[in-house]
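The structure under discussion appears below in the form of structure tokens.
Values in this document were obtained by computation on a predicted structure and should not be read as measured data. Order of the sequence lines sets the chain letters (A, B, ...), proteins ahead of strands, with each chain counted from 1.
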Number of protein chains: 2
Amino acid sequence: MHYSIGEVSDITGIAASTLRYYDREGMFPAMERSSGGIRVFSETELATLKVIACLKSSGMPIKDIKEFLDWCQEGDPSIGKRREMFHRRLTEVESQIAELERTRNMLRYKCWYYDTASEAGTEDAVRDLPDDAIPEDLRDYRI
Amino acid sequence: MHYSIGEVSDITGIAASTLRYYDREGMFPAMERSSGGIRVFSETELATLKVIACLKSSGMPIKDIKEFLDWCQEGDPSIGKRREMFHRRLTEVESQIAELERTRNMLRYKCWYYDTASEAGTEDAVRDLPDDAIPEDLRDYRI
DNA sequence: ATAGAAGTTAAAGTCAACTTGAGGTCAAGC
DNA sequence: GCTTGACCTCAAGTTGACTTTAACTTCTAT
């Protein structure tokens with residue numbers, strides 16, 4: 001199947017200007033053009049966009065994603081590099097999750113703090129409470 | 001206890017230029033200065049920095065954090081607003097975690113994919129494998 | 001054949017969150 | 001008194017990831 005830039009934008013929710021920007025950066029090396037110079041996206045480019053989305057949401061910068069896509073073009077000889085890259089990315093995302101979970105726990109503490117203050121109508125009711133007045137699962141996340 | 005900007009930078013790992021920038025943005029409304037005009041950080045500012053770190057790692061922009069800190073200055077009347085803000089932030093972080101977990105699973109699939117390709121020496125060995133040749137827990141994350 | 005929607009380019013603009021640079025001041029030890 | 005390192009301000013620069021603009025072309029439907 002073939003798609004115009006507008007169709008791809010509608011399918012993926014990515015702005016056409018962003019797709020042009022990715023193209024300018026060389027992320028779609030195999031993309032074709034109509035005789036009049038109009039971009040023709042195919043399944044290949046849609047697959048690339050999925051990989052871009054995955055790597056982007058793992059926090060990888062565009063230029064590193066571009067480098068990875070270049071490795072894909074090189075074929076089998078670059079399998080090792082690509083494998084290592086994904087393992088590093090996985091480790092990275094796992095620590096991002098751990099950090100976000102810590103953040104979530106601090107926010108849970110703050111929610112409890114403000115629920116309590118809100119009920120009392122004043123922060124004085126919570127500010128200097130001893131640790132054992134704090135729900136056990138939130139105690140370590142007091143800030 | 002009182003700290004110089006350099007000490008706070010060492011304690012927190014935040015660059016002195018960043019601390020000055022935060023100060024310029026009005027995040028330390030109670031911070032004092034020495035007679036010579038030098039910033040004197042106290043426990044109050046260290047506590048603020050912890051809140052800033054928490055909200056920043058939840059993805060909140062600096063100007064919204066500033067707005068929250070302004071609410072804190074208003075005292076008890078703003079407890080409701082602050083409470084709602086933390087509840088929204090918690091919801092937000094929970095969906096960020098869910099999205100990152102999805103990303104992690106896609107990366108796990110890619111790790112398996114490249115482990116397999118690497119062992120075989122060629123991507124041909126994995127590219128078009130049927131779904132049931134993929135580890136069950138990764139099947140849904142094929143990209 | 002023509003209108004208008006959708007596409008094209010290159011270059012400039014935007015935004016957040018800092019960081020850097022220039023030029024000057026403060027504070028502690030000798 | 002003087003050096004030296006840490007501090008100060010203000011303005012400008014940086015980075016990444018887009019987005020916008022202007023001027024133009026192509027495609028599609030009537």
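For B/Arg20, counting side-chain heavy atoms from C-beta on, the closest listed nucleotide (C/dT8, C/dA27, D/dC7) is D/dC7. Of the listed nucleotides (D/dT19, C/dG7, C/dA16), D/dT19 has the atom at the smallest distance from the side chain of A/Tyr21. For A/Lys63, the listed nucleotide lying nearest its side chain is D/dG16; candidates were C/dT20, D/dG16, D/dT9. The side chain of B/Ile38 lies closest to D/dC8 when the candidates are D/dA17, D/dC8, C/dT19. Here C/dA17 is the nucleotide among D/dC8, C/dA17, C/dT8 with the atom lying nearest to any side-chain atom of B/Ile62. Here the side chain of A/Ile5 is nearest to one of D/dT19, C/dG7, C/dT9, namely C/dG7.
Residue contacts for A/Arg39: at a heavy-atom cut-off of 4.0 Å it reaches the sugar-phosphate backbone alone, with no base atom in range. Here A/Ala15 lies in heavy-atom contact (under 4.0 Å) with sugar-phosphate atoms only. Counting non-hydrogen atoms under 4.0 angstrom, A/Thr18 reaches the backbone sugars and phosphates but no base. In this structure, A/Arg24 reaches the bases: a heavy-atom distance under 4.0 Å links it to at least one base atom across the strands shown.
A donor and an acceptor atom, one from each side chain of A/Thr116 and A/Glu119, are nowhere located under 3.5 Å apart. Looking at A/Glu45 and A/Ser42, their side chains do bring a donor and an acceptor atom within 3.5 Å of each other.
Atom CZ of B/Phe28 and atom P of D/dC8 are 12 Å apart (whole Å). Rounded to an integer number of Å, the gap from B/Glu25 CD to C/dC15 C1' is 13 Å. Spacing between atom CD1 of A/Ile65 and atom C1' of D/dC18 amounts to 13 Å, rounded to whole angstrom units. Across the protein-nucleic acid pair, B/Met31 atom CE and D/dC7 atom P stand 12 Å apart, rounded to whole Å. Put simply, CG on A/Asp64 is 15 Å from P on D/dT15, counting in whole angstrom units. Per the geometry, CD belonging to A/Glu7 stands 8 Å off P belonging to C/dG7, to the nearest Å. Rounded to whole Å, the distance from CG on B/Leu49 to P on C/dC18 is 12 Å. Spacing between atom CZ of B/Phe41 and atom C1' of D/dA6 amounts to 13 Å, rounded to whole angstrom units.
With DNA chain C read from its 5' end, the first of the two nearest nucleotides for B/Tyr22 and A/Val40 is the one closest to A/Val40.
By the 4.0 Å N-to-carboxylate-O rule, B/Arg108 lies too far from B/Glu101 to be salt-bridged with it.
A/Phe68 has its ring centre less than 6.0 Å from the ring centre of A/Phe86.
For D/dT26, neither phosphate oxygen OP1 nor OP2 lies less than 4.0 angstrom from any side-chain nitrogen or oxygen of A/Ser34. An OP1 or OP2 oxygen of D/dA17 is reached within less than 4.0 angstrom by no side-chain nitrogen or oxygen of A/Lys66.
Side-chain contact check for A/Arg82 versus B/Glu123: some heavy-atom pair is nearer than 4.5 Å.
Partner of A/Phe41 under the ring pair (Phe, Tyr, Trp, His ring centres under 6.0 Å) criterion, out of A/Phe28, A/Tyr22, A/Tyr3: A/Phe28 alone.
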